[in-house]
Amino acid sequence: MSRQQRHDARVPIALAVLGWLAVAFFVLPIMALVLRVPWSSLSDVITDDATTEALTLSVFTSVITTVLAIVLGVPLAWLLARSNIPGRQFIRALCTLSMVLPPVVAGVALLASLGRRGVVGEILDDWFGVRLPFTMPAVVIAQLFVAMPFLVLTVESGFARSAGTVEEAARTLGASPWYVFTRVTLPATQPAIVAGAVLTWARALGEFGATITFAGNFPGTTRTLPIATYLALESDIDDALLISMVMVVISVVILVALRGRWVGAIGGMR
Amino acid sequence: MRPFSWVLLAGVVLAGCSAGSQSDGQPVIFAASSLVDVLSELSAEEAMPFSDVTLSFASSASLAAQIIDDAPVDVFISADRAQIERLRRAGFSDTQPKVVARNSLVIAVEAGNPLGLAELRDLSRGDVLVAIAAPGVPLGEYSQGMLSAANIEVRPVTFEADARGVLAKVALGEVDAGIVYATDAASASNVDRVVIPEAEAVNVEYVALDLTGGSGAGQDLIEFLTSDTGRFALTNRGFLLP
Amino acid sequence: MGWRNWGYEVSLSIDVKRRIGATQLNVQFTVAIGETVAIVGPNGAGKTSLLRVVAGLISADEGRISWDGMVWDDASSGEFSPPEQRPLAYVFQDYALIEHLTVGDNVAFGLRARGVRRRRARERAQEVLDVVGGSDLVERMPSSLSGGEAQTVAIARALATEPTVMLFDEPFAALDASARAHARRLFSSMRSLSMARLIVTHDAVEALTLADRIVVVESGSVVQIGTPSEVLATPRSHFVAEILGLNPLSGQLRGDELSLGAMSLTVGAHGVDDGEVIAIVRPRSVSLHRERPEGSPRNVWRTTVEAVDRSDGRVRVQLGAPLPIAVEVTPAGFDALATELDGDVWASVKASEIVVQPA
């Protein structure tokens, strides 16, 4: 804070104090992490095959998850925001439940449904010989399950806000509902979709509990960066700190690259 | 600033302070996860001096890290002698560590043992999905050590973070077998155990370290575990005695 | 698309009922090709809902809508054409331009939606913009347009698809004076296009000057249909009179004596029973004088001038007690009066110029 800022009488002091307290609350642990990390061994950890393998897997799976979340989540958000399906509130609650579940429980739920003995998983195994647990798709499924609600909720509020006479005008100009959706509604909702995608990606990148429960931990196929970090905590804390710094750096780079332009839409403003 | 905000701030600050000190009166035990059942049972039965003890369970490595970071604790029971050595190197060397229990390894299989697994070598069969603990965690090291000593190569589908993770995968039927501590397999309801002779060579020791500097309380707790009552509770849960 | 006239009048036929909230819309009328019909009525009368039913944005509960024999909406048979299948265009009150498209792409939108190739649609958009006086707007974004420009673009976008029915919702409501003038010129030039036009408005001057016929809607129902002169001559509701600036007065009628509380007037021949009535005093039928006029002793009263409004070559004078009505005189006549605001004047109205109808 510099002295040159004008006296802004409209910000209540109580808000300012609590606000800065919140800033400290978020920044302090990250700063502490930065200070504690043994930077001298950074190159060892980053060039370590196990780390790069986990990093590659994490980036790859979280990007796939984000793409799938958009493909599935945008239509779901549309249904929730625009359609008249009965029990919309209830469906919304169901579809975002995985957000509040402890991730490990989310993982058990996935095993119970898609696992080798799961309701659907058993059929997949018997009929198609497909076994999801301990595979890379399982990592994506676990991430999708806990992270997609972030996209759905963000995009749903985007759809709700972009509703207006513009879409009706487009209909009267001869556009079919699908044409209106792709040419009018989607572009108008784009900021919310990008914001939701960023949130989803961030959540997917950091996913641990559901992943280790549903997908297990195997180098190269299911050991993501958070799992590698957790296991490193058991043997070598310094390694764990360095690996987590890699995640911090990636996240900061992405968020800064978006320059708050899209991220601003997360909070609902334009 | 309005009085209201001072109250809020004061609340935040006070709440932050009061969580720190623990050691006034109530003894605190940090113990390896595999001791959850036996120690909780002793505490619940109000067996002196365990009646009002505070228990905290986690992996031995993270508990050791917390202790080095000044967590208020009276007794640390580790499943891994390496963590005790780490603490002693960090200056916690007033008293001698004491072995209070031992554990062994078994193969956990689905209830009923549908694949008919009978020996350690069966884990290398192509049709058997296996989970073992990850290298780096004590159980993973013991498991790997046992397999190497027996010269058996196993290709697990997953390296779990701890014994509970391995057990969960077996209990849910996602894998056919997993190597766990004997005590964990004993406490799990829907898995069966396959006892393996190779495990006899594995010496899993639970080492207790008194962190009170030898002043009464810590010593009492450790002695209680080696008393008849403590030994009975431990053997009841599948532990071996030192 | 060519235009067929097989000896009968091509028209938009509207005969629908539709419940919207507390309002029961229940209207029947037709709009012929080439005709402009204005729908006037108070807020909440269901005017916009009527446009939405015609556009197919909502469906009718009962009745049918057809154009040139083609059924758009028939509640009894269940036939219903969605908006994109009706050859119409709808200019919304807020113009509803697509924010992320340039003006050119907005105008080309309807053609693109109907499968016209991008290049051809762009050319056509430019042509239409040229016609409506928006040539230089092509590359602009909607957020940078003024209200008048936005309306010009909205109209261009509607015209680009060559609709046979055009719907306008309050086209002048949001415009300033100069934009209004441009819009009026645009509307009069559109009169030569062979299409049926339906304009919703609450502005009497617009309705009178733009429309061939006026449909007055109150509480969802049609209370009067007629040419502007018919509606002016015999406004059939309190609202019509008020909206047309016609000084509606509520009073008691006994014989030819109209009692208005503070004063009474004598009315001419009428077929109305005694009791509560609405009397209409047309602004131009009232004369103002410096001195008490000679001759007719009835319907002359002394009053004050509360406000004077000179515009469009007319002078509207708001009178004070005992009868606060608006009157209209020629500028020459007003100058001859040589009065001041708050100055006393004498007002007179012929009995035959007062129209009464049951309340």
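Chain identifiers are assigned alphabetically (A, B, ...) following the order of the sequence lines, protein sequences preceding nucleic acid strands; residue numbering begins at 1 within each chain.
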Let's test your reading of the structure: which of A/Ile212, A/Val108, A/Val104 forms the most heavy-atom pairs below 4.5 Å with chain B? A/Ile212

Scored by heavy-atom pairs under 4.5 Å with chain B, the best of A/Leu15, A/Thr222, A/Thr213 is A/Thr213

Give a yes or no on whether the backbone of B/Gly173 and the side-chain of A/Arg116 come within a donor-acceptor separation of less than 3.5 Å. yes

Looking only at non-hydrogen atoms, find the nearest pair between [X] and [Y] and report the distance.
X	Y	value
A/Phe218	B/Pro156	CE1-O, 3.0 Å
B/Thr158	A/Phe134	CG2-CE2, 3.4 Å
B/Glu174	A/Pro133	OE1-CG, 3.0 Å

How about [X]: does its [atom1] atom have over 12 heavy atoms from other parts shown lying under 6.0 Å from it?
X	atom1	value
A/Arg117	CZ	yes
B/Asp70	CG	no
B/Arg155	CZ	no

Side chain / backbone / both / neither for [X] at chain A, heavy atoms under 4.5 Å:
X	value
B/Arg164	neither
B/Gln83	side chain
B/Ala161	both

NZ (B/Lys169) and CZ (A/Phe214) are apart, to the nearest 0.5 Å, by 10.0 Å

With a 4.5 angstrom heavy-atom cut-off, which part of A/Leu231 approaches chain B: side chain, backbone, both or neither? side chain

